[in-house]
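These notes concern the structure reproduced below.
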Amino acid sequence: MRQLPPQSNPSFGFANTPFGECCIAFSDDGICALTFPESREGAYADLDNRFPQTDFKQNDERVARFVRQIFEKGESPLLNPIGTEFQLSIWHALQRIPKGETRTYAQIAEAIGRPKAVRAVGTAIGANPIAFLIPCHRVIRTDGGLGGFRWGLECKREMLSWESKS
DNA sequence: ATAAAGGCCACCC
DNA sequence: GGGTGGCCTTTAT
């Protein structure tokens, strides 16, 4: 099941965060993407790949305000993640992990009532379209290992330590 | 329709 | 530590 792609006033922009420059894409329906791209070209390619029909207008000023709201005030703006029902249930579960805490992939599988689907849970978490706000960095392995992270394990560590002291 | 690839885990050595 | 088999969803043939 897929929801609507960003429709009303689709926009995007770049701004600096404690974890490097991010790209945020949003519309009147909320934020649909938050990434930490290697390059701006990479960010364009990623957006075009995920929303081939959408023409985003650049608005760095609005993104800068989002970033202050998120990383200074600790608030979460309205989100509009797009994915399958399975993915959405997992991304929803991630948002219930309190800041400063962690869960294991197995615990998330348990939380959505699919205890056997641990591996699929890992895959779905890897597909998280809204980094940080959907806190996939708070999920680690049962054996205590960090697990994976789309933006690099170093970044995952930094996010966890940043959250533990605030 | 089917195959292949995953941010996993339990179990073995 | 390293390797195997099972589990389940998604994406690409």
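Throughout, protein chains are lettered first and strands after them, A, B, ... in sequence-line order, and every chain is numbered starting at 1.
Salt bridge absent: Asp60(A) and Arg62(A) never bring a charged side-chain N and a carboxylate O closer than 4.0 Å.
Remark: aromatic rings of Phe132(A) and Phe71(A) are close, center separation under 6.0 Å.
For Asp143(A), the side chain to side chain donor-acceptor pair (under 3.5 Å) test picks out Arg141(A), with sequence neighbours left out.
Between Tyr105(A) atom OH and dG7(B) atom P there is a gap of 9 Å when expressed in whole angstrom units. The distance between atom CZ of Phe149(A) and atom C1' of dG6(B), rounded to the nearest whole Å, is 17 Å. To the nearest angstrom, P of dC9(B) lies 11 Å from CD1 of Ile108(A). Distance Glu85(A) CD to dC8(C) C1': 16 Å, rounded to the nearest Å. The distance from atom CD1 of Ile90(A) to atom C1' of dC7(C) is 14 Å, rounded to the nearest whole Å. Rounded to an integer number of Å, the gap from Gln87(A) CD to dT10(C) C1' is 7 Å. In this structure, Trp91(A) places its CH2 atom 14 Å from P of dG7(B), rounding to the nearest Å.
Atom CD of Glu38(A) is surrounded by 12 or fewer heavy atoms from other residues, nucleotides or ligands within 6.0 Å.
Phe19(A) CZ to Phe36(A) CZ: the interatomic distance, rounded to the nearest 0.5 Å, is 7.0 Å. Atoms CG and CD1, from Leu79(A) and Ile31(A) in turn, are 6.0 Å apart once rounded to the nearest 0.5 Å. Here Trp151(A) contributes atom CH2 and Asn128(A) contributes atom CG; the two are 9.0 Å apart, rounded to the nearest 0.5 Å. To the nearest 0.5 angstrom, Glu61(A) atom CD is 11.5 Å from Ser11(A) atom OG.
For DNA chain C, no neighbouring residue in residues 134-148 of chain A is found when judged by any heavy atom under 4.0 Å. Residues of residues 41-51 of chain A having a heavy atom closer than 4.0 Å to DNA chain C: none are found. Near-neighbour residues of DNA chain B inside residues 110-121 of chain A, defined by a heavy atom below 4.0 Å, number-ordered: Val118(A), Arg119(A), Ala120(A).
For the salt bridge (Lys or Arg N to Asp or Glu O under 4.0 Å) criterion with Glu163(A), the lone passing option out of Lys156(A), Arg138(A), Lys99(A) is Arg138(A).
Within 4.0 Å of Phe86(A), counting heavy atoms only, lie sugar-phosphate atoms of the nucleic acid but no base atom.
Applying the side-chain hydrogen bond (donor to acceptor under 3.5 Å, both in side chains) test to pairs two or more places apart or on separate chains, those with a residue in residues 13-36 of chain A are Ser8(A)-Asp28(A), Asn9(A)-Asp28(A), Glu21(A)-Arg40(A).
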Fill in the blank from the handout: With both pairing distances under 3.5 angstrom for Watson-Crick or G-U wobble, and | for a partner in another strand, the correct string for DNA chain C is ||||||.||||||
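Relative to the six-membered ring of Phe66(A), Arg68(A) misses at least one condition, a distance below 6.0 Å or an angle of at most 45° to the axis.
Across dG6(B), dG7(B), dT10(C), the shortest atom-to-atom separation from the side chain of Thr84(A) is found for dT10(C).
Of the possible donor and acceptor atoms, none in the side chain of Glu72(A) sits under 3.5 Å from a partner among the backbone N and O of Gln69(A).
Looking at every heavy atom in both residues, Ile70(A) comes nearest to Pro77(A) through CG1-CD, 3.7 Å.
No side-chain donor-acceptor contact under 3.5 Å links Glu158(A) and His137(A).
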